[in-house]
K.L.:
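The structure under discussion is supplied below as structure tokens; questions concerning it will follow.
All heavy atoms count here, side chains included; hydrogens, waters and symmetry mates do not. Because the structure is predicted, anything quoted here is derived from the model rather than measured.
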Amino acid sequence: MTETATRFVRVGRAADVPPGGVEVFDVEDRRIAVYRLEDGYYAIEDLCTHDGGPLAEGEIDGDQVICPRHGARFSIRTGAALTFPAITPVEQYPVRVEGDDLLVGLPD
Ligand code: FES
């Protein structure tokens, strides 16, 4: 069995992400979109698995985001691809808030 360790990296301030909104952070070689829903922060890769659309520029509908390019929906909570034309989930990352800091967990 393979276990993937997670290391938490500070990406910015928790206040950088507006309530009900999203902010994109460049973290190492990833673009990570952090969403702030009513019950907390969620992070997914800012890259649609259909054709590379910038998900953070898409409309937020509850806990889903709609890709601005061809309209696929993804779960903000899990990264799951919910509608065509996307069929592959986007990567999802754990988020922690420590004081004012926003941290995202990356695989080691
Ligand atoms: S690039 Fe996102 S649905 Fe096509």
Side-chain angles (χ1 to χ4, degrees):
M1 184 172 116
T2 309
E3 291 224 358
T4 308
T6 301
R7 63 198 160 88
F8 280 83
V9 176
R10 182 188 184 278
V11 298
R13 296 179 312 128
D16 292 340
V17 188
V22 60
E23 183 63 48
V24 177
F25 300 95
D26 287 307
V27 188
E28 297 174 5
D29 58 348
R30 303 162 192 263
R31 280 179 68 77
I32 297 179
V34 179
Y35 293 82
R36 186 168 169 185
L37 303 183
E38 278 183 4
D39 62 349
Y41 294 83
Y42 295 88
I44 58 175
E45 191 161 18
D46 185 33
L47 191 68
C48 179
T49 54
H50 173 240
D51 194 25
L55 289 180
E57 294 178 18
E59 182 184 335
I60 297 170
D61 182 16
D63 65 355
Q64 301 176 7
V65 61
I66 303 168
C67 179
R69 227 172 248 180
H70 311 107
R73 284 177 178 259
F74 291 87
S75 167
I76 291 170
R77 294 175 194 276
T78 68
L82 302 173
T83 63
F84 284 113
I87 54 173
T88 305
V90 288
E91 193 156 358
Q92 183 264 345
Y93 306 92
V95 180
R96 273 188 199 157
V97 176
E98 292 181 0
D100 295 334
D101 292 333
L102 189 64
L103 295 85
V104 171
L106 300 177
D108 250 342

K.L.:
Salt bridge check, Arg7 against Asp108: does any charged N sit closer than 4.0 Å to a carboxylate O?
P.N.:
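Salt bridge present between Asp108 and Arg7.
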
K.L.:
Tell me the closest heavy-atom pair linking Tyr93 and Arg30, and the distance in Å.
P.N.:
OH-NH1, 3.0 Å

K.L.:
Under a 3.5 Å distance rule, please check whether Arg69 uses its side chain to pair with a backbone N or O of Asp51 as donor and acceptor.
P.N.:
yes

K.L.:
Can you tell me how far CZ of Arg73 sits from CG of Leu82, rounded to the nearest 0.5 angstrom?
P.N.:
8.5 Å

K.L.:
Is it the case that atom CZ in Arg96 sees more than 12 heavy atoms from other parts of the structure closer than 6.0 Å?
P.N.:
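Incorrect, the count does not exceed 12.
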
K.L.:
For atom CG of Asp100, is the number of surrounding heavy atoms from other residues, nucleotides or ligands below 6.0 Å larger than 12?
P.N.:
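No, because the 6.0 Å sphere around CG of Asp100 holds 12 heavy atoms or fewer from other groups.
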
K.L.:
Is it true that Leu55 and Val24 fall in one hydrophobic cluster, defined by side-chain heavy atoms closer than 4.5 Å?
P.N.:
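Not linked; separate clusters.
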
K.L.:
Working to the nearest 0.5 Å, report the span between NE2 of His70 and OG1 of Thr83.
P.N.:
12.5 Å

K.L.:
Between Ala80 and Pro89, which heavy-atom pair has the shortest distance, and what is it?
P.N.:
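Taking every non-hydrogen atom into account, CA-CB, 4.0 Å.
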
K.L.:
Does the side chain of Leu47 come within less than 4.5 Å of Val90's, by heavy atoms?
P.N.:
no

K.L.:
Quick one: pull up CZ in Arg77 and OH in Tyr35 and give me the separation to the nearest 0.5 Å.
P.N.:
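Going from the CZ atom of Arg77 to the OH atom of Tyr35 covers 13.0 Å.
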
K.L.:
Tell me the closest heavy-atom pair linking Arg36 and Pro18, and the distance in Å.
P.N.:
CB-O, 3.6 Å

K.L.:
Linking I/L/V/M/F/W/Y whenever any side-chain heavy atoms sit under 4.5 Å apart, do Val97 and Val34 land together?
P.N.:
yes

K.L.:
In Å, rounded to the nearest 0.5 Å, how long is the span from CG of Leu103 to CD of Glu98?
P.N.:
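Output value for this atom pair is 5.0 Å.
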
K.L.:
Establish whether Phe74 and Ile60 are linked, either directly or via other cluster members, by ILVMFWY side-chain heavy-atom contacts under 4.5 Å.
P.N.:
yes

K.L.:
Checking side-chain contact (heavy atoms from CB on, under 4.5 Å) against Phe25, which of Asp16, Val104, Asp46 comes through?
P.N.:
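Output: one option passes, namely Asp16.
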
K.L.:
Could you measure the distance from the OG1 atom of Thr88 to the NE2 atom of His50? Nearest 0.5 Å is fine.
P.N.:
10.0 Å

K.L.:
Rounded at 0.5 Å granularity, tell me how far CD1 in Ile76 sits from CD in Gln64.
P.N.:
8.0 Å

K.L.:
Just to verify, which of Thr78, Ile32, Val65 counts as forming a side-chain contact (heavy atoms from CB on, under 4.5 Å) with Ile44?
P.N.:
Val65

K.L.:
Flag yes if more than 12 heavy atoms outside Glu28 fall under 6.0 Å of its CD atom; otherwise flag no.
P.N.:
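Count over threshold, so yes.
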
K.L.:
Between Tyr41 (side chain) and Ala14 (backbone), is there a donor-acceptor pair under 3.5 Å?
P.N.:
yes

